[in-house]
Amino acid sequence: MNQDSDGKDPREARREKLRKIEEMGIDPFGCRFDDRSFIADCRQRSETEIKWTRQDGEEVPLPDFADENLDYRQWKADNGPGAESGPTVRVAGRIMLSRDTGKLIFANIRDWTGDIQIFIGKKQVGEENFALAKLFDLGDLVGAEGRLGRTNTGELTVFAEKLFLHSKMLEPAPDKHAGLTNPDLRQRMRYADLAFNDGAMQAFLDRTKIVKSIRSTLDRDNFCEVEGPTLHVVPGGAAARPFATHHNALDMPLTMRIALELHLKRLMVGGMERVYELGRVYRNEGISPRHNPEFTMLECYQAYGDYGTMMDLTEQLIVDAIDAIGGGYIRQFDGKTIDFTPPFQRATYADLFQKATGIDASDEAAVIEHAKKLNLETEGKHPDVIRNEIFEEQVEDTLEGPIFVIDYPASICPLTKRKRDNPEIAERFELFVLGMELANAYTELNDPDLQQQLFETQLQGLEEEDSMAKMDHDFVRALRYGMPPAGGLGVGIDRLVMILADKKSIRDIILFPLLRPE
RNA sequence: GAGGGUGUAGCUCAGUCGGUAGAGCAACGGACUUUUAAUCCGUUGGUCCAGGGUUCGAGUCCCUGCACCCUCACCA
């Protein structure tokens, strides 16, 4: 780069200022800063603690600063002579905007609670502080101590008496208005995205609230949070391609887990009657706006419940999550309206199939014929697999929801208990919202012999890796020790957050999505 | 994996018919003690994603590759 010390390159200009700050004997990377106030708290305190007192000692109520047409300078003239008083505060944050009018600098700083303006007057802060302020750049982390008050235009302001530099930013700042919009850079440099894009943090804070809410709902119902292994010898509990890895000392192949299910059920056998895990799972598959190779699942299991119990729980979890982030049960996603007011709609798989295709789901010949019309591959596939492909193609995408689809064909549910009066139907539901599967729940299969048989019988037309029916001998042995009848629920946390935060891409709610290296 | 789009200054983006690179912001110099994307005057800044080709001449046309975005497929 151009290293003329005329500072043409923004990076070099910042380095040059860094050197000057060091020459002033100031550490450009700051130190502990006690007694600082969050900006949101300053804003709140300003409402009661900024006062206007006339010279005669009478306190005059301040005008409405939210009023766009307010001329505070005029108001002061009309209500004076007098003086404004306010508490002294210490604030810290990143410089987002700055206006230098010579011997007076206005800087807008931001901490994670909000923005506030700082008034830096040469006379008010003194020569040394002012010289430091002249070396501030957009993006620097700074601090100010001073009186909280209002400028002539009514803007809430910290009138600085002392200034601090907490960290000099050595990279050029993004466009001060547009921010960092390049989606690649936003994901690669999430720090810059969060720091410079208005509202970028909100979806992530909502995510945290939703996860906290889920924990609190489950804890309230006496569920116990546990941590299962993420390195699995047999990748089970879902139909997905796992990431392969290897343990050196044991010279043993391992996979990253694709689901939480089988270990949680082992705990049910052990007597942990209500367990859940909120954890990361890994699937070695395509990346899309709705798929990231690692994502977060909730799975919970309740002894002596069934899938109906889980339906109630699902509604409760979602309702509580919405209460946690606010905004009400009627929500927008991508311009569409979704009503989460419970109870959610319920419909059986067979009815939805009948309605969408006009044919009876149990009429195998008609199903196969219909599949051929849709150009679906039917050769060598189990009729239930074909039927499910039709269901996905013609039903799932049309489900606006929230809707519980209940009672799935048993053959595509190898971990699910069958209906007592109809072994062809499994007690399973999936919750759909705008074509997205948000939750999946079963009355759990606890018959070890049937489980073993289902593991052994590969579904026709499915590769082993495409089937959930992967033999896990230890799991079957666990079932032989006796697992109570139970309801189990899985929730895709990322998709729930997407829908509740109105974000179309999973990358907008995963802080560090997987990217190719630069 | 298939199709489409994008890639130009630190950031956000223009760039006509193929004719020697543009703006705003940022940066640098100057003026300004109540500004609000401050304003005003001046200046600097380019491996036009990479490589190859066509051409007298390529940011522009062609080919290959890379990255990202969108749609589809995969993800039961």
Side-chain angles (χ1 to χ4, degrees), chain A residues 1-2 4-17 72-73 76 96-108 115 117-125 130 137-139 149-157 159 169-189 192 196-197 238-241 258 283-293 295 381-382 384-393 396 408-409 411-414 428 430 436-437 440 459 461-463 465-469 492 504-507 513 515-518:
Chain A
M1 288 280 140
N2 186 352
D4 274 14
S5 59
D6 56 0
K8 299 289 161 35
D9 175 55
R11 284 188 182 84
E12 187 47 42
R14 283 168 185 263
R15 294 273 174 190
E16 179 64 29
K17 289 177 187 168
Y72 188 43
R73 188 201 302 253
K76 285 191 285 190
M96 305 307 291
L97 291 172
S98 132
R99 296 169 292 283
D100 183 345
T101 72
K103 298 191 180 64
L104 182 60
I105 299 169
F106 294 92
N108 293 49
D115 292 31
Q117 174 170 269
I118 297 176
F119 176 108
I120 305 166
K122 187 173 187 180
K123 221 189 309 182
Q124 290 84 343
V125 296
F130 198 72
D137 286 307
L138 293 180
R150 299 276 179 175
T151 59
N152 281 342
T153 56
E155 179 80 15
L156 184 64
T157 300
F159 290 88
M169 184 165 91
L170 296 175
E171 288 286 326
D175 188 286
K176 69 182 180 185
H177 196 54
L180 192 66
T181 64
N182 182 322
D184 186 26
L185 293 182
R186 288 184 61 184
Q187 291 160 27
R188 276 185 202 286
M189 303 196 292
F196 292 101
N197 290 331
R241 288 166 184 75
I258 57 174
R283 296 188 183 177
N284 203 343
E285 285 157 358
I287 296 176
S288 84
R290 291 181 179 188
H291 300 86
N292 193 62
F295 60 100
K381 285 183 180 170
H382 190 286
D384 284 346
V385 173
I386 296 167
R387 181 171 48 190
N388 200 48
E389 286 177 5
I390 294 172
F391 187 85
E392 283 165 11
E393 182 132 330
E396 285 190 1
Y408 279 68
S411 53
I412 56 171
C413 310
R428 170 184 186 177
E430 293 193 336
M436 270 200 275
E437 178 196 331
N440 182 17
L459 277 181
L462 284 183
E463 301 293 325
E465 62 189 358
D466 286 337
S467 169
M468 270 194 278
K504 273 167 295 206
S505 173
I506 198 168
R507 290 181 199 150
L515 298 171
R516 279 178 221 267
E518 281 179 83

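Any value given below was found using the heavy atoms of this structure, including those in side chains, with hydrogens, waters and symmetry copies removed.
- Checking rC13(B), rA37(B), rG10(B) against the side-chain heavy atoms of Pro10(A) singles out rG10(B) as nearest.
- Between Lys176(A) and rA26(B) there is a side-chain N or O to OP1 or OP2 distance below 4.0 Å.
- Between Lys176(A) and Phe196(A) there is no side-chain heavy-atom pair separated by less than 4.5 Å.
- When the C1' atom is compared between rG10(B) and rG57(B), the two are found 31 Å apart, to the nearest whole Å.
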Could you list, one pair per line, each protein nitrogen or oxygen that sits under 3.5 Å from a nitrogen or oxygen of nucleotides 2-4 of chain B, together with the distance?
none

Do any N or O atoms of the protein come closer than 3.5 Å to N or O atoms of nucleotides 31-35 of chain B, and which pairs are they?
{"unit_1": "rC32(B)", "atom_1": "N1", "unit_2": "Thr101(A)", "atom_2": "O", "d": "3.3"}
{"unit_1": "rC32(B)", "atom_1": "N3", "unit_2": "Gly102(A)", "atom_2": "N", "d": "3.4"}
{"unit_1": "rC32(B)", "atom_1": "N4", "unit_2": "Gly102(A)", "atom_2": "N", "d": "3.4"}
{"unit_1": "rU33(B)", "atom_1": "OP2", "unit_2": "Lys103(A)", "atom_2": "N", "d": "3.3"}
{"unit_1": "rU33(B)", "atom_1": "O4", "unit_2": "Lys123(A)", "atom_2": "N", "d": "3.0"}
{"unit_1": "rU34(B)", "atom_1": "O2'", "unit_2": "Arg73(A)", "atom_2": "NH2", "d": "3.3"}
{"unit_1": "rU34(B)", "atom_1": "O2'", "unit_2": "Asn152(A)", "atom_2": "ND2", "d": "3.0"}
{"unit_1": "rU34(B)", "atom_1": "O2", "unit_2": "Asn152(A)", "atom_2": "N", "d": "2.9"}
{"unit_1": "rU35(B)", "atom_1": "O2'", "unit_2": "Arg99(A)", "atom_2": "NE", "d": "3.2"}
{"unit_1": "rU35(B)", "atom_1": "O2", "unit_2": "Arg99(A)", "atom_2": "NE", "d": "2.6"}
{"unit_1": "rU35(B)", "atom_1": "O2", "unit_2": "Arg99(A)", "atom_2": "NH2", "d": "2.8"}
{"unit_1": "rU35(B)", "atom_1": "O2", "unit_2": "Gln117(A)", "atom_2": "OE1", "d": "3.1"}
{"unit_1": "rU35(B)", "atom_1": "N3", "unit_2": "Gln117(A)", "atom_2": "OE1", "d": "2.8"}
{"unit_1": "rU35(B)", "atom_1": "N3", "unit_2": "Gln117(A)", "atom_2": "NE2", "d": "3.0"}
{"unit_1": "rU35(B)", "atom_1": "O4", "unit_2": "Gln117(A)", "atom_2": "NE2", "d": "2.8"}
{"unit_1": "rU35(B)", "atom_1": "O4", "unit_2": "Thr151(A)", "atom_2": "OG1", "d": "2.4"}
{"unit_1": "rU35(B)", "atom_1": "O4", "unit_2": "Thr153(A)", "atom_2": "OG1", "d": "3.4"}

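- Remark: the separation of the C1' atoms in rG22(B) and rU34(B) is 36 Å, to the nearest Å.
- Of the P atoms belonging to rA67(B) and rC28(B), the separation is 36 Å, rounded to the nearest Å.
- Rounded to whole Å, atom C1' of rC11(B) lies 13 Å from atom NE2 of His177(A).
- OP1 or OP2 of rC28(B) has at least one side-chain nitrogen or oxygen of Lys17(A) nearer than 4.0 Å.
- Residues meeting the side chain to side chain donor-acceptor pair (under 3.5 Å) test with Lys17(A), sequence neighbours left out: Asp137(A).
- Considering only heavy atoms from C-beta on, Lys76(A) comes within 4.5 Å of Asn152(A) through its side chain.
- Taking the side chain of Asp175(A) as heavy atoms from C-beta on, and the options rG24(B), rG10(B), rA27(B), the nearest nucleotide is rG24(B).
- When each of Gln187(A) and Ser288(A) is assigned the nucleotide of RNA chain B with its nearest heavy atom, Gln187(A) is the one assigned upstream, toward the 5' end.
- Nucleotides rU55(B) and rU8(B) have their C1' atoms positioned 22 Å apart, rounded to a whole Å.
- rU43(B): Watson-Crick or G-U partner is rA27(B), with both key distances under 3.5 Å.
- With both pairing distances under 3.5 Å, rC17(B) is matched to nothing as a Watson-Crick or G-U wobble pair.
- Phe106(A) is linked by a ring-ring contact (aromatic ring centres under 6.0 Å, His included) to Phe119(A), counting only residues two or more places apart in sequence or in another chain.
- With distances taken from any side-chain atom of Arg241(A) to the nucleotides rC74(B), rA67(B), rG10(B), the minimum falls on rC74(B).
- Here, rG24(B) and rA9(B) have their C1' atoms 12 Å apart, quoted to the whole Å.
- Figure legend. rG1(B) is base-paired to rC72(B); pairs are counted as Watson-Crick or G-U wobble with both atom distances under 3.5 Å.
- When all heavy atoms are compared, the tightest approach of Gln117(A) to Thr157(A) is NE2-OG1, 3.0 Å.
- With a 4.5 Å cut-off on side-chain heavy atoms, Ile105(A) and Ser98(A) count as touching.
- A straight line from CG of Asn197(A) to P of rC11(B) spans 13 Å, rounded to a whole angstrom.
- In this structure, Arg516(A) places its CZ atom 20 Å from P of rG7(B), rounding to the nearest Å.
- Atom CZ in Arg188(A) sits roughly 17 Å away from atom P in rC49(B) (whole-Å rounding).
- Between rG42(B) and rA37(B), the distance separating the two P atoms is 24 Å to the nearest Å.
- Per the geometry, CE belonging to Met96(A) stands 14 Å off P belonging to rA37(B), to the nearest Å.
- Closest of all the heavy-atom pairs between Tyr408(A) and Arg428(A) is CD1-O, 3.6 Å.
- Nearest heavy-atom pair across Asp175(A) and His177(A) is OD1-N, 2.9 Å.
- Remark: Phe295(A) engages no residue in a ring-ring contact (aromatic ring centres under 6.0 Å, His included) (not counting sequence neighbours).
- Rounded to whole Å, the distance from CD on Glu171(A) to C1' on rA26(B) is 14 Å.
- Residues that satisfy the side chain to side chain contact (heavy atoms under 4.5 Å, CB included) test with Lys103(A), not counting sequence neighbours, are Lys122(A).
- One can place CG of Asn182(A) at 11 Å from P of rG7(B), the figure rounded to the nearest angstrom.
- Regarding contacts with the backbone of rC13(B), a side-chain N or O of Thr181(A) is found under 4.0 angstrom from either OP1 or OP2.
- Put simply, Arg11(A) has no side-chain N or O that comes within less than 4.0 Å of OP1 or OP2 on rG10(B).
- Rounded to an integer number of Å, the gap from CE of Met189(A) to P of rC68(B) is 15 Å.
- Atom name P, nucleotides rA38(B) and rC25(B): the rounded distance is 10 Å, in whole Å.
- Using a 4.0 Å cut-off between charged nitrogen and carboxylate oxygen, Glu171(A) and Arg11(A) count as a salt-bridge pair.
- Nucleotide rU6(B): paired with rA67(B) (Watson-Crick or G-U wobble, both distances less than 3.5 Å).
- Under the Watson-Crick or G-U wobble criterion, with both distances below 3.5 Å, rA38(B) has no partner in any strand shown.
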